[in-house]
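Data first, discussion second: the structure below is written as C-alpha cells.
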Amino acid sequence: VLHKPYPAADEASLVIADHNREGHPTMALPDAAAAFQRMKSAANSDGVGLIAFSGYRSVSRQRDLFADAQRRHGPRGAARWVAPAGYSEHQTGLAFDMGDKAKPETDDESEFESTLAFAWLRTNAAAHGFELSFSPGNGQNIAYEPWHWRFSGSPYAHAVFHPAWPRAAWRLALALSAAVRYQLLP
C-alpha cells in the first residue's frame, strides 16, 4: 500500500460545501466547495441527488479513524481501507465522500457503484473538476472506494494530487511499496 503525504488545509479557510445526512456541515476549501455545489446542482437538474457526507478531516480525526481501523483490520489491513494521519486526501480540504441522496445504505459501501449518483459521477464529474481517487486496481494498492472523489480542477488542487515528480521517482516509489510491507513507526 502506497499512501502519499498531503498538506493539511488551514481550517480557517474552510467553507461549507454541503451538509451530511445528520445535518452537520461538510467542510472544504472554497474552490472545491463551489465546484461541488455546481456539480450537485447539475446532478439535481438531471434528476440525481448527490450528497457529500464527508469532506475535510483533521489530522487528529484521521489518527483516531486509523487507530479504529487497526483494531478492526490489524496493522496491515487498516492501511488498505484508511489512510494514516498525514496521508489522507481528506485533510487537504479537496476530497469528498459522496453518496446518492436516495440510497443512504450505500454510503461508504462498494454498492454505491450501482447507484444513479455513481453513474452520473462517472459520466460528469470530470467536467466539474472531480476525479475518482481510488479506482479498481489503482497503482497505490488502496481498496476501491467508489464514493471517494477528489477535486483537482484548480491549479492548486491539481498540484496537490498530481505533483510533477519525475517518472523515475514514481517508478521507485511504486517498486518500494511493492517490496516493503506497510509498517507503522512507533
Side-chain angles (χ1 to χ4, degrees), residues 1 3 6 14-29 32-85 87-138 140-153 161:
V1 174
H3 284 289
Y6 291 109
L14 299 172
V15 299
I16 297 173
D18 201 8
H19 289 86
N20 68 17
R21 295 188 191 277
E22 291 78 38
H24 301 290
T26 300
M27 306 300 286
L29 288 176
F36 175 78
Q37 290 166 357
R38 286 189 301 271
M39 184 169 72
K40 180 178 178 174
S41 178
N44 192 50
S45 294
D46 289 341
V48 175
L50 282 182
I51 186 168
F53 60 86
S54 182
Y56 170 78
R57 201 179 288 153
S58 70
V59 172
S60 65
R61 175 73 177 124
Q62 192 67 28
R63 186 174 296 114
D64 292 344
L65 290 172
F66 190 72
D68 182 57
Q70 285 183 298
R71 282 189 291 278
R72 288 184 290 123
H73 304 290
R76 291 189 181 136
R80 289 232 342 115
W81 298 100
V82 179
Y87 294 80
S88 173
E89 291 185 354
H90 285 281
Q91 74 191 28
T92 67
L94 301 167
F96 297 94
D97 289 338
M98 298 188 199
D100 188 313
K101 216 165 192 179
K103 301 273 187 177
E105 69 276 10
T106 65
D107 290 356
D108 262 344
E109 299 291 337
S110 59
E111 290 80 15
F112 175 64
E113 75 177 352
S114 68
T115 66
L116 289 175
F118 181 77
W120 191 93
L121 285 166
R122 291 288 291 193
T123 302
N124 299 287
H128 296 276
F130 285 87
E131 59 191 12
L132 183 63
S133 294
F134 305 115
S135 59
N138 64 77
Q140 292 177 252
N141 199 29
I142 294 172
Y144 173 45
E145 296 184 348
W147 61 86
H148 185 97
W149 295 75
R150 62 189 180 203
F151 175 71
S152 62
F161 296 120

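Computed from a predicted structure; not experimentally measured.
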**Message:** Please find the pair of heavy atoms, one from Ala32 and one from Gly93, that lie closest to each other, and give the distance.
**Reply:** CB-O, 3.8 Å

**Prompt:** Taking Arg61 for the side chain and Ala85 for the main chain, is one N or O donor matched with an acceptor at less than 3.5 Å?
**Reply:** no

**Message:** When you measure from the side chain of Thr115 to the backbone of Glu111, do you find a donor-acceptor pair of N or O atoms at a distance under 3.5 Å?
**Reply:** no

**Message:** Which heavy atom of Ala125 sits nearest to which heavy atom of Trp149, and what is that distance?
**Reply:** CB-CZ3, 3.6 Å

**Asked** So, does Ser45 use its side chain to make a donor-acceptor pair with the main chain of Ser41 at under 3.5 Å?
**Response** yes

**Item:** Approximate separation, where rounding is to 0.5 Å, of Arg21 CZ and Thr26 OG1
**Value:** 10.5 Å

**Check: Asp97 side chain, Ser54 main-chain N or O, donor-acceptor pair, under 3.5 Å** = no

**Fill in**
Scanning both residues in full, the closest heavy-atom pair of Phe134 with Ala143 reads CB-O, 3.7 Å

**Prompt:** Below 4.5 Å, heavy atoms only, C-beta onward: do Glu89 and Leu94 meet side chain to side chain?
**Reply:** no

**Request:** Applying side chain to side chain contact (heavy atoms under 4.5 Å, CB included), run through Phe151 and Phe161 and close with a yes or a no.
**Result:** CA-CA 9 Å; Phe151 175 71; Phe161 296 120; 5.9 Å; no

**Request:** Kindly indicate, with the supporting measurements, whether the criterion side-chain hydrogen bond (donor to acceptor under 3.5 Å, both in side chains) is fulfilled by Asp108 and Trp147.
**Result:** CA-CA 6 Å; Asp108 262 344; Trp147 61 86; 3.0 Å; yes

**Request:** Kindly give the heavy-atom pair with the smallest separation between Met98 and Met39, and that separation in Å.
**Result:** CE-CE, 3.5 Å

**Message:** So does Ser133 get a backbone contact from the side chain of Glu145, meaning a donor-acceptor N/O pair under 3.5 Å?
**Reply:** no

**Item:** Separation of Arg57 CZ from Leu65 CG (nearest 0.5 Å)
**Value:** 5.5 Å

**Item:** Atom pair CD1/NE2 of Ile51 and His19 - distance to nearest 0.5 Å
**Value:** 10.0 Å

**Message:** Heavy-atom count check: over 12 atoms from other residues, nucleotides or ligands less than 6.0 Å from Arg72 CZ?
**Reply:** yes

**Item:** Spacing of Arg150 atom CZ and Tyr6 atom OH [to the nearest 0.5 Å]
**Value:** 5.5 Å

**Request:** Answer yes or no: is there a donor N or O on one side and an acceptor on the other, between the side chain of Asp46 and the main chain of Ala43, under 3.5 Å?
**Result:** no

**Request:** Heavy atoms only: give me the nearest Ile16-Pro25 pair and the separation to one decimal.
**Result:** CG1-CB, 3.8 Å

**Request:** From the options Asn44, Asp100, Leu121, select the one residue that forms a side chain to side chain contact (heavy atoms under 4.5 Å, CB included) with Leu50.
**Result:** Leu121

**Asked** Which class fits the ring pair His148 and His90: parallel under 30°, tilted 30 to 60°, perpendicular over 60°?
**Response** perpendicular

**Item:** Residue pair Tyr144 / Phe118: nearest heavy atoms and the distance that separates them
**Value:** OH-CZ, 3.5 Å

**Item:** Gln62 side-chain N/O to Ala83 backbone N/O, donor-acceptor pair under 3.5 Å
**Value:** yes

**Request:** State the CG-CD distance between Leu132 and Glu113, to the nearest 0.5 angstrom.
**Result:** 10.0 Å

**Asked** For the atom pair CZ (Phe66) and NE2 (His73), what is the distance rounded to the nearest 0.5 Å?
**Response** 10.5 Å

